[in-house]
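Have a look at the structure below before the remarks.
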Amino acid sequence: MTKVSMTVNGRAVSGDVEDRTLLVSFLRETLGLTGTHVGCDTTQCGACVVHMDGKPVKACTVLTGQAEGAEITTIEGLAKGDELHPMQAAFREHHGLQCGFCTPGMIMMGVDIVRRHGASLDEKTIRHELEGNICRCTGYHNIVKAIQAVAEGSEVAEAAE
Amino acid sequence: MGAEGFGARVLRKEDKRFITGRGRYTDDIELKDMTHGVFVRSPHAHAKVRSIDTSAAEKMPGVVGVLTGHDLAADKIGGLICGWMIHSRDGSPMKMGAHPALAADTVRYVGDAVAIVVAETRDQARDAAEAVEVDYEELPAVTDPAKATAAGAPQIHPEAEGNLIYDWTIGDEAATEGQFANAAHVTKIDLVNNRLVPNAMEPRAAIGSYDQAEEHFTLYNTTQNPHVARLVLSAFVGMAPEHKLRVVAPDVGGGFGSKIFIYPEETACLWASRKVGGRPVKWVADRTEAFLTDAHGRDHVTHAEVAFDADNRVLGLRVKTIANLGAYMSTFSSSVPTYLYATLLSGQYAIPQIFAEVQAVYTNTSPVDAYRGAGRPEATFVVERLMETAARELGVDPAELRRKNFVRAFPHQTPVIMAYDAGDYDASLDAALKAADYAGFPARRAEAESRGKKRGIGLSCYIEACGIAPSQAVGSLGAGVGLWESAEVRVNPVGTIEVLTGTHSHGQSHETTFAQIINERFGVPTDTVSIVHGDTDKVQFGMGTYGSRSAAVGLSAVFKALDKVEAKAKKLAAHLMEAAEGDIVLEDGSFKVAGTDRALAFHEVALAAYTAHNLPEGMEPGLKETSFYDPTNFTFPAGSYVCEVEIDPDTGVTEIVQFVAADDFGRIINPMIVEGQVHGGLAQGIGQALLEGCVYDHESGQLVTASFMDYCMPRADDLPSFNVMTTETVCPGNPLGVKGCGEAGAIGSPPALINALTDAIGRNDLAMPATPQRVWAALRSSSAAAA
Amino acid sequence: MYATTYHKASSLDDAVAKLGGAEDGKFLSGGQTLLATMKQRLAAPTDLVDLTKIPELKGITLDGDTVTVGAASTHYEVHSSDAVKSAIPALAALAGLIGDPAVRNMGTMGGSVANNDPAADYPAALVGLNATVHTNKRALSADDFFTGMFETALEEDEVIVKISFPAPEKAGYEKFRNPASRYAMCGVMAVKLKDGSVRVAVTGAGSDGVFRVPEMEQALAANWSPDAVASITVSPDDMIGDLHGSPEYRAHLVTVMAKRAVAAAG
């Protein structure tokens with residue numbers, strides 16, 4: 001067992017875990033943050049995407065030790081109190097989720113896609129950027145629309161600043 | 001009535017917990033003193049189990065118990081069953097082999113469980129599972145359904161000689177032969193409906209928990225139908241009587257049929273909890289385990305022929321299908337290639353005679369059962385590939401050949417049981433052709449050719465039967481259960497409403513659409529309504545969600561209960577306002593005396609029902625009503641799909657340039673949710689046609705496609721944006737006029753894709769999934785033949 | 001995953017020492033292949049020595065005509081590096097095709113190169129661009145570094161420190177993805193170096209890992225155009241065959257992707 005410490009959703013946390021413990025297990029089992037999901041064994045489905053030091057990673061393929069000292073944001077840390085993050089609100093507004101299982105990873109990835117591409121995002125780019133996130137319910141149609149809407153909104157937000 | 005009622009795009013009530021990471025799926029549940037179960041599974045497709053040595057595993061760190069099939073048998077835990085009896089053409093009942101939750105003597109597919117290891121942590125259980133020593137004697141295996149009944153094929157169950165489960169027919173053979181004898185043209189086709197893995201994103205999971213003091217079990221389970229699970233676990237497996245077994249389906253991350261069935265793992269977790277002294281036992285499938293052990297879908301081999309008269313009207317259809325049911329008969333497996341398949345072979349067409357033969361066979365593969373559409377995609381694929389092929393052979397427009405044969409008078413009795421109640425197939429075809437600019441296709445094809453691309457267009461006019469059927473009818477066809485639904489409407493003293501339903505949402509949005517119907521009826525806002533489902537302790541009974549039945553059957557039960565609530569509340573309101581009962585109307589959330597300004601708000605009447613200070617003579621206090629609704633018929637959603645593809649001949653890569661879906665689902669409660677259901681269905685149907693294929697190695701019986709590395713799941717960049725629309729004929733069979741929309745996309749889309757692809761490449765023999773390699777090979781062999 | 005012990009190396013010497021002290025240790029970089037393999041219990045190192053905090057393995061620089069990429073640079077860092085984008089845009093583009101955005105934030109060039117997966121993209125980049133692999137012991141040409149499927153010239157305790165690339169005159173990479181795994185089923189890097197030499201390197205297709213196509217190189221040296229390679233084929237006998245692509249299909253794709261890579265290079 002090794003003691004690991006990191007910051008999760010703005011809170012300093014630590015725990016004693018086996019070295020083989022994956023970040024996703026640390027979040028779910030040690031910290032009880034069960035919004036991050038596991039949907040495959042092969043680093044492909046993206047249900048486990050969290051942000052590590054501001055960048056999306058697949059928490060199922062990161063050892064807890066690799067995240068030592070990092071700033072982690074999970075789906076539970078995205079909203080500011082009762083105020084949803086625009087990506088969360090857009091997924092609801094555009095019906096970008098059905099069963100909800102892939103949704104946390106999709107939202108975390110969507111936030112990063114818009115962060116990197118901004119208002120220039122087009123549908124083709126969004127679809128390519130979602131290569132590592134699998135949804136079985138929505139056919140992606142409304143997920144793409146939700147992300148696009150946030151990108152377009154970010155243009156409005158930038159213009160207003 | 002109600003701004004949030006029929007036709008309103010109400011945003012989903014369930015979303016907030018999912019978008020903030022507060023959903024509660026089975027694996028999210030932590031119980032006190034919980035242990036973790038991992039299964040020891042057969043690496044062989046077929047083998048005798050000579051012995052199992054658990055001694056080393058038992059000594060591993062953290063191990064709480066190691067249990068085998070012999071322990072299960074010693075405790076007299078019964079096997080799993082298939083709940084739909086099919087009789088062969090000779091009248092004999094289907095041949096069902098035993099299916100213990102843990103195999104004791106013989107394993108019959110790769111992944112068949114032989115033991116469960118229970119430990120303090122999942123990693124420890126997995127470490128110890130590898131230390132269980134199983135001595136197998138390998139046996140020859142067969143995985144190809146077309147070879148399963150051949151002489152000399154390995155015998156899989158002693159009960160089913162030659163691996164034949166049943167040899168079933170439907171329709172009038174002699175009359176059909178007579179039609180073919182008079183045909184001016186006969187079109188023939190050989191098809192494989194490729195085997196699929198459902199792959200709901202949440203893997204299956206179960207927590208079994210036994211309370212020693214109460215002798216009571218609780219099962220948390222990824223199930224689409226908790227009450228059916230409880231019934232089977234009580235009545236057949238013999239785990240506990242129903243009042244001693246609670247089944248909870250918390251948030252469930254997609255099902256698509258695969259979570260209907262009662263599997264070995266939930267049985268084993270419940271039993272193991274009792275064996276380890278009542279500590280809860282949690283099992284969660286990893287993805288490869290899901291590939292190996294979730295019930296798969298489809299897997300048909302079919303020869304079909306259609307006869308036309310000289311005027312291109314269909315005279316008859318004959319179909320012969322071999323259906324692979326895998327190594328064991330899953331819960332509803334027998335019904336899928338029979339009553340859910342062959343009864344839909346008439347499609348949207350008036351066909352005087354149909355005869356179909358279906359042989360269901362055992363193979364050394366994972367069990368096969370209902371997967372989104374269940375039988376109806378297979379039927380649609382047969383009918384719509386035949387119609388397109390026939391149009392090409394006859395040299396007529398595929399749309400016009402279909403139109404010529406459409407059913408136009410309703411009700412319409414087909415030769416294969418179904419009585420279509422309502423529809424307007426011209427309307428959906430017209431809408432789809434217009435949206436797709438069908439007339440402009442030749443110009444688009446020419447333009448694509450100038451860029452070196454091959455363009456094709458394909459149609460599919462599907463029909464499906466949803467909601468399943470009257471209980472008496474399905475009973476007469478062999479179903480072991482009735483397919484009615486229950487509902488309870490509880491009006492609270494403050495006027496808020498709880499609706500308890502026996503259906504279950506695992507993505508379908510019941511919490512929203514069901515609340516919309518309360519708004520439609522009573523005018524109360526949807527946020528004063530909550531929908532309760534998925535817990536046998538809360539909901540008395542129900543049949544769950546599959547077959548697009550939740551609205552047509554489940555919501556009809558709610559509707560009936562609302563009738564009773566409304567009747568009682570009106571009577572009370574009339575009494576309170578000293579008016580005649582017949583003068584009371586319910587408008588905008590108030591009971592009004594017609595023609596006056598006298599009114600009582602809904603919540604005021606509710607409160608009066610509970611204070612009971614002033615009730616009419618003989619009225620009981622409270623406001624709560626129950627209904628059990630049994631449908632009078634199936635419902636018949638139908639529609640027309642148009643797919644246009646462009647192929648890169650250098651690589652064989654297909655791009656879907658447009659996909660149009662025009663569906664008739666009857667009345668629509670929430671268009672946003674209906675569109676979402678269609679999108680998802682289309683993605684799965686397109687997945688079947690282009691990407692997904694479950695492959696076994698016929699030599700070794702190993703599953704080759706056992707992870708997302710080899711099984712191609714549709715990604716965002718594989719799919720286009722969809723152009724979906726609806727036409728409407730009201731369903732006369734239920735009080736809401738709804739038909740169901742959950743499966744249509746998966747049913748109608750595969751033939752549209754393959755029809756488009758075969759149009760583009762100019763040859764008809766293209767197997768699903770039509771991968772780039774297959775398309776390229778087909779083009780290459782065409783050009784070789786032309787050279 | 002089997003039990004393992006995780007170590008962070010603070011320097012190259014520390015990494016070598018920690019690996020030396022392990023019973024059956026492995027170097028860990030981003031882990032996007034190694035951890036995935038360990039999760040499936042297909043690898044069971046007793047110890048993992050994390051190289052990503054070693055200062056020498058960090059950073060991407062452009063010095064004259066040479067781009068140098070620290071081995072622990074992530075695919076995203078390569079993809080978004082101004083140095084790479086300006087000197088070798090084809091390499092930046094290639095890095096943006098590896099895995100998916102989340103994988104690209106963890107996976108590193110050094111890790112990918114050391115693993116030499118026959119379906120990985122970087123081997124084609126290194127061979128095609130005539131890169132040099134610098135380890136804690138020596139410098140190796142890419143041609144000498146990759147020695148076969150999952151095989152490299154690396155010794156047990158040898159650590160890739162950085163990889164240097166000469167900026168080419170032209171370079172293009174075209175990838176045909178495995179539809180399921182999204183790895184390369186055939187990826188071709190076509191390069192014209194500033195000394196006039198031409199290199200065509202293929203990944204994903206060959207049964208012995210990355211390989212060059214001399215006939216294409218000669219044809220392109222004489223005439224740099226897609227047409228020059230359009231009729232040059234490789235033998236299916238040397239290709240991988242699997243569910244997703246037969247040897248014949250892969251051999252065909254080599255020609256098609258080569259044409260497109262040349263076209264992309266301009």
Side-chain angles (χ1 to χ4, degrees), chain A residues 18 20-21 25 28-29 32-45 47 74-79 84-85 87-89 91-105 107 123-124 126-145, chain B residues 9 11-12 14-25 27-28 30 121-123 198-203 251-256 284 286-288 505-509 672-673 675-684 686 707-709 713-722 724 745:
Chain A
E18 282 189 275
R20 63 173 155 175
T21 305
S25 309
R28 289 180 54 83
E29 290 155 29
L33 294 169
T34 56
T36 303
H37 297 150
V38 178
C40 76
D41 324 326
T42 49
T43 325
Q44 287 175 289
C45 82
T74 71
I75 187 70
E76 291 93 340
L78 206 53
L84 294 174
H85 184 281
M87 191 61 70
Q88 292 172 312
F91 267 67
R92 175 158 194 258
E93 180 73 29
H94 294 277
H95 189 33
L97 63 150
Q98 290 178 25
C99 83
F101 194 80
C102 77
T103 309
I107 289 176
E123 180 187 335
K124 189 164 183 235
I126 296 171
R127 288 182 180 275
H128 174 63
E129 291 278 355
L130 288 175
E131 191 173 16
N133 291 76
I134 300 177
C135 170
R136 194 54 152 167
C137 293
T138 65
Y140 303 98
H141 183 107
N142 288 339
I143 291 173
V144 172
K145 268 170 57 181
Chain B
R9 303 178 82 90
L11 297 185
R12 297 208 314 170
E14 44 271 80
D15 279 348
K16 191 165 181 191
R17 65 179 186 271
F18 296 129
I19 58 180
T20 57
R22 266 73 175 193
R24 187 170 176 262
Y25 301 88
D27 189 27
D28 300 340
E30 275 293 311
T121 73
R122 204 176 294 180
D123 278 335
N199 276 320
M201 289 318 295
E202 180 205 22
D251 284 328
V252 174
F256 317 110
V284 180
D286 61 30
R287 183 53 61 183
T288 286
S505 177
H506 31 281
Q508 291 87 344
S509 321
M672 177 190 84
I673 285 164
E675 287 159 15
Q677 290 293 311
V678 176
H679 296 158
L682 291 177
Q684 286 177 354
I686 292 169
S707 79
F708 294 154
M709 293 295 278
M713 288 287 279
R715 314 294 219 289
D717 61 0
D718 292 316
L719 300 169
S721 278
F722 305 113
V724 305

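Labels below follow one simple rule: chain letters A, B, ... track the order of the sequence lines, proteins then strands, and each chain is numbered from 1.
- Of the atoms belonging to B:V284, not a single heavy atom falls under 4.5 Å from chain A.
- In summary, of the residues considered (A:L84, A:L78, A:I75), a side-chain contact (heavy atoms from CB on, under 4.5 Å) with B:T20 occurs for A:L84 alone.
- If you measure heavy-atom distances from B:D718 to chain A, you find no contacts under 4.5 Å at all.
- Without hydrogens or angle criteria, A:R28 side chain to B:D27 main chain gives a donor-acceptor distance under 3.5 Å.
- Only the side chain of B:Y25 comes within less than 4.5 Å of a heavy atom in chain A; its backbone stays farther off.
- Among the candidates B:R12, B:H506, B:M709, the residue making the largest number of heavy-atom pairs closer than 4.5 Å to chain A is B:R12.
- Proximity to chain A (any heavy atom under 4.5 Å) is restricted, for B:M713, to the side chain, taken from C-beta onward.
- For B:F708 against A:C45, the heavy-atom pair with the smallest separation is CE1-CB, 4.1 Å.
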### Query
side chain to side chain contact (heavy atoms under 4.5 Å, CB included) between A:K124 and B:D717: does it pass, once the steps are laid out?
CA-CA 7 Å; A:K124 189 164 183 235; B:D717 61 0; over 6 Å; no
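- A parallel orientation is assigned to the rings of B:F722 and A:H141, their planes being inclined by less than 30° (bins at 30° and 60°).
- Of the listed residues (A:I126, A:L97, A:I107), the greatest number of heavy-atom pairs within a distance under 4.5 Å of chain B belongs to A:L97.
- Neither the backbone nor the side chain of B:E675 comes within contact range of chain A, judged by heavy atoms closer than 4.5 Å.
- Put simply, NE2 on B:H679 and OG1 on A:T138 are 9.0 Å apart, with the number rounded to the nearest 0.5 Å.
- Looking at B:E202, its side chain never comes within 3.5 Å of a backbone N or O of A:F101 through a donor-acceptor pair.
- Within the 4.5 angstrom heavy-atom criterion, only side-chain atoms of A:Q44, from C-beta onward, approach chain B.
- Both the backbone and the side chain of B:I673 come within less than 4.5 Å of a heavy atom of chain A.
- Closest approach of A:D41 and B:T288 over heavy atoms only: OD2-N, 2.9 Å.
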### Message
Set out, in order, the CA-CA distance, both residues' side-chain angles and the distance that settles side chain to side chain contact (heavy atoms under 4.5 Å, CB included) for B:K16 and A:R92, then state yes or no.
### Response
CA-CA 8 Å; B:K16 191 165 181 191; A:R92 175 158 194 258; 5.7 Å; no
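- When all heavy atoms are compared, the tightest approach of A:H95 to B:S509 is CE1-OG, 4.2 Å.
- Among B:A200, B:S707, B:A683, B:S721, the residue with the largest count of heavy-atom pairs under 4.5 Å with chain A is B:S721.
- Side-chain atoms of B:R715 do not come within 3.5 Å of backbone N or O of A:I134 as any donor-acceptor pair.
- In this structure, the portions of B:L719 lying under 4.5 Å from any heavy atom of chain A include both its backbone and its side chain.
- Here B:R22 is the residue among B:R22, B:R24, B:R9 with the most heavy-atom pairs under 4.5 Å with chain A.
- With respect to chain B, the highest number of heavy-atom pairs below 4.5 Å among A:R20, A:E93, A:H85 belongs to A:R20.
- Judged by distance alone, the side chain of A:R136 and the main-chain N or O of B:P198 form a donor-acceptor pair under 3.5 Å.
- Counting heavy-atom pairs under 4.5 Å between each of B:G745, B:A716, B:G507 and chain A puts B:A716 at the top.
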### Task
List the steps, then state whether side chain to side chain contact (heavy atoms under 4.5 Å, CB included) holds for B:D28 with A:H37.
CA-CA 9 Å; B:D28 300 340; A:H37 297 150; 4.3 Å; yes
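- One distance of note links CZ of B:R17 with OG1 of A:T103; it measures 11.5 Å at 0.5 Å rounding.
- For the options B:I686, B:V252, B:N199, B:V678, heavy-atom pairs under 4.5 Å to chain A are most numerous at B:N199.
- In this structure, no portion of B:D251 lies under 4.5 Å from any heavy atom of chain A.
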